[in-house]
A.B. asks: 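For reference, the structure I am asking about is given below.
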Amino acid sequence: MLKDVVRTKTYQNVIYRNTFLFKDKVVLDVGAGTGILSLFCAKAGAKHVYAIECSHMADMAKEIVETNGFSNVITVIKGKVEEIELPVAQVDIIISEWMGYFLLFENMLNTVLYARDKWLVNDGIVLPDRASLFLTAIEDSEYKEEKIEFWNNVYGFDMSCIKKQAMMEPLVDTVDQNQIVTNCQLLKTMDISKMAPGDASFTAPFKLVAERDDYIHALVAYFDVSFTKCHKLQGFSTGPKSRSTHWKQTVLYLEDVLTICEGEALTGSMTVAQNKRNPRDVDIMVKYSLTGRRCLISRTQHYKMR
């Protein structure tokens with residue numbers, strides 16, 4: 001994660017270029033990991049930083065804080081946000097790198113919202129405070145053949161039952177921007193400072209218009225995050241046209257190969273919900289249809305991010 005320059009540098013720039021936000025403020029770092037964000041905040045003039053980390057990394061974070069001379073400013077607390085008590089009643093800022101693959105897979109958003117509702121002052125700031133999920137469509141015959149169609153004939157045997165399972169599992173991978181066939185559609189924007197936990201489950205319509213004649217093998221989802229409280233709007237994108245991050249993109253293969261002509265639209269809706277058994281998992285349902293000169297199709301597909 002620390003080697004993800006886009007992610008780490010963005011947070012560093014947000015903090016160092018907006019010290020007016022942090023000067024003499026009490027900061028809560030949710031899911032602190034190594035404590036890198038806490039160190040940035042301390043260096044920017046925070047009055048005190050409480051770094052919460054539930055894994056064994058909390059022990060390392062304490063040592064890192066001590067080694068760098070910030071023990072008087074940063075307090076590392078080992079435990080779950082929902083189970084610990086802070087030494088203070090309120091904090092001025094909550095900062096977190098909570099995003100998961102597909103924005104919402106194995107994410108810490110609900111934990112951030114819990115901390116916000118419990119400790120953040122009325123005019124407090126959540127960083128980042130905005131996250132948006134986008135959708136586009138790609139041509140990907142080569143990889144689909146390798147990942148999905150492979151199971152039709154495995155050394156002369158039909159293992160297509162595994163193909164059905166493989167289709168339901170979104171693939172996290174880097175997409176070449178030259179594979180993009182359509183426009184990119186905004187599906188959902190979440191205001192982290194105001195939203196309720198249930199708002200992360202939603203149904204959103206989409207209309208993807210072909211920018212050239214081509215085939216569509218998959219839909220691709222990615223997200224942007226923004227820090228709107230800065231002097232200048234700052235943030236980063238995990239899209240195929242942006243510098244790569246460890247989040248890459250999320251590829252959802254379609255059962256059919258769609259033939260689409262320039263100007264034609266693939267329309268439908270995407271439903272995203274927390275899995276009922278494990279809220280860190282994500283269930284996705286995509287309804288799509290294409291009424292084109294060379295292709296007429298209407299289908300519903302289900303995906304499970306596990």
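By convention here, the first residue in the shown sequence is residue 1.
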A.B. asks: List for me each residue that meets side-chain contact (heavy atoms from CB on, under 4.5 Å) alongside Pro279, sequence neighbours excluded, and say none if there are none.
C.D. replies: Gln274

A.B. asks: Restricting to ring-ring contact (aromatic ring centres under 6.0 Å, His included), what partner residues turn up for Phe202, sequence neighbours left out?
C.D. replies: none

A.B. asks: Closest approach of Trp151 and Ala166, non-hydrogen atoms and distance?
C.D. replies: NE1-CB, 4.3 Å

A.B. asks: More than 12 foreign heavy atoms under 6.0 Å from CZ of Arg294: is that the case here?
C.D. replies: no

A.B. asks: Relative to each other, are the rings of His217 and Tyr215 parallel, tilted or perpendicular (30° and 60° limits)?
C.D. replies: tilted

A.B. asks: Testing the basics here: between Leu290 and Ala265, what is the closest heavy-atom pair and its distance to 0.1 Å?
C.D. replies: CD1-O, 3.4 Å

A.B. asks: Looking at Lys304 and Glu169, does any basic side-chain N land under 4.0 Å from a carboxylate oxygen?
C.D. replies: no

A.B. asks: Can you confirm whether Gln185 sits close enough to Thr136 that some side-chain heavy atom of one is under 4.5 Å from a side-chain heavy atom of the other?
C.D. replies: no

A.B. asks: Answer yes or no: is there a side-chain heavy-atom contact under 4.5 Å between Thr238 and Lys248?
C.D. replies: no

A.B. asks: Applying salt bridge (Lys or Arg N to Asp or Glu O under 4.0 Å), name anything that partners Lys25, two or more places apart in sequence or on another chain.
C.D. replies: none

A.B. asks: Could you give the distance from CD (Gln301) to CE (Met270), rounded to the nearest 0.5 Å?
C.D. replies: 10.5 Å

A.B. asks: If you measure from CD1 on Ile74 to CD on Glu66, what distance do you get to the nearest 0.5 Å?
C.D. replies: 11.0 Å

A.B. asks: Excluding sequence neighbours, so at least two apart, what forms side-chain contact (heavy atoms from CB on, under 4.5 Å) with Ile64?
C.D. replies: Thr34, Leu39, Asn68

A.B. asks: Taking side-chain contact (heavy atoms from CB on, under 4.5 Å) as the test, write out the residues that go with Leu186, two or more places apart.
C.D. replies: Ser132, Phe134, Thr189

A.B. asks: Which atoms form the tightest heavy-atom contact between Ser201 and Ala273, and what is the distance?
C.D. replies: OG-CA, 3.6 Å

A.B. asks: Taking the side chain as every heavy atom from C-beta outward, state whether Phe22 and Val27 have any atom pair closer than 4.5 Å.
C.D. replies: yes

A.B. asks: Taking only residues two or more places apart in sequence, or in another chain, which ones meet Ala200 in a side-chain contact (heavy atoms from CB on, under 4.5 Å)?
C.D. replies: Leu104, Leu109, Met190, Met195

A.B. asks: How long is the span from the CD1 atom in Ile93 to the NZ atom in Lys229, to the nearest 0.5 Å?
C.D. replies: 12.0 Å

A.B. asks: Looking at residues at least two apart in the chain, or sitting in another chain, which of them share a ring-ring contact (aromatic ring centres under 6.0 Å, His included) with Tyr16?
C.D. replies: Phe40

A.B. asks: Could I get the full list of ring-ring contact (aromatic ring centres under 6.0 Å, His included) partners for His56, not counting sequence neighbours?
C.D. replies: none

A.B. asks: Answer yes or no: does atom NZ of Lys78 have more than 12 heavy-atom neighbours from other residues, nucleotides or ligands under 6.0 Å?
C.D. replies: yes

A.B. asks: Mind checking what makes salt bridge (Lys or Arg N to Asp or Glu O under 4.0 Å) contact with Glu264, not counting sequence neighbours?
C.D. replies: Arg293

A.B. asks: Side-chain contact, heavy-atom cut-off 4.5 Å: Ile52 with Ile84?
C.D. replies: yes

A.B. asks: List the atom of Lys287, the atom of Phe206, and the distance in Å for their closest heavy-atom pair.
C.D. replies: O-CZ, 3.7 Å

A.B. asks: Just to verify, what does Phe236 make a ring-ring contact (aromatic ring centres under 6.0 Å, His included) with, not counting sequence neighbours?
C.D. replies: Trp247

A.B. asks: Can you name the closest pair of heavy atoms from Met108 and Val30 and give their distance?
C.D. replies: CE-O, 3.8 Å

A.B. asks: Should we say atom CD of Glu255 is surrounded by more than 12 heavy atoms from elsewhere, each under 6.0 Å from it?
C.D. replies: yes

A.B. asks: Can a salt bridge be assigned to the pair Arg7 and Glu97 using a cut-off of 4.0 Å between side-chain N and carboxylate O?
C.D. replies: yes

A.B. asks: Might you point out which heavy atoms bring Ile260 and Leu266 nearest each other, and give the distance in Å?
C.D. replies: CD1-N, 4.2 Å

A.B. asks: Check the pair Tyr11 / Phe227 against ring pair (Phe, Tyr, Trp, His ring centres under 6.0 Å), numbers first and verdict last.
C.D. replies: CA-CA 9 Å; Tyr11 277 89; Phe227 301 78; 5.2 Å; yes

A.B. asks: Test Tyr288 against Leu254 for side chain to side chain contact (heavy atoms under 4.5 Å, CB included), laying out the working first.
C.D. replies: CA-CA 10 Å; Tyr288 62 90; Leu254 304 180; 3.7 Å; yes

A.B. asks: Does atom NZ (Lys118) have a neighbourhood of more than 12 heavy atoms from anything else shown, all under 6.0 Å?
C.D. replies: yes

A.B. asks: Tell me who clusters with Val175, hydrophobic residues only, linked when side chains sit under 4.5 Å apart either directly or through other members.
C.D. replies: Ile138, Tyr143, Ile148, Met167, Leu171, Ile180, Val220, Val251, Tyr253

A.B. asks: Could you work out, with salt bridge (Lys or Arg N to Asp or Glu O under 4.0 Å) as the rule, every residue matching Asp283, not counting sequence neighbours?
C.D. replies: Arg306

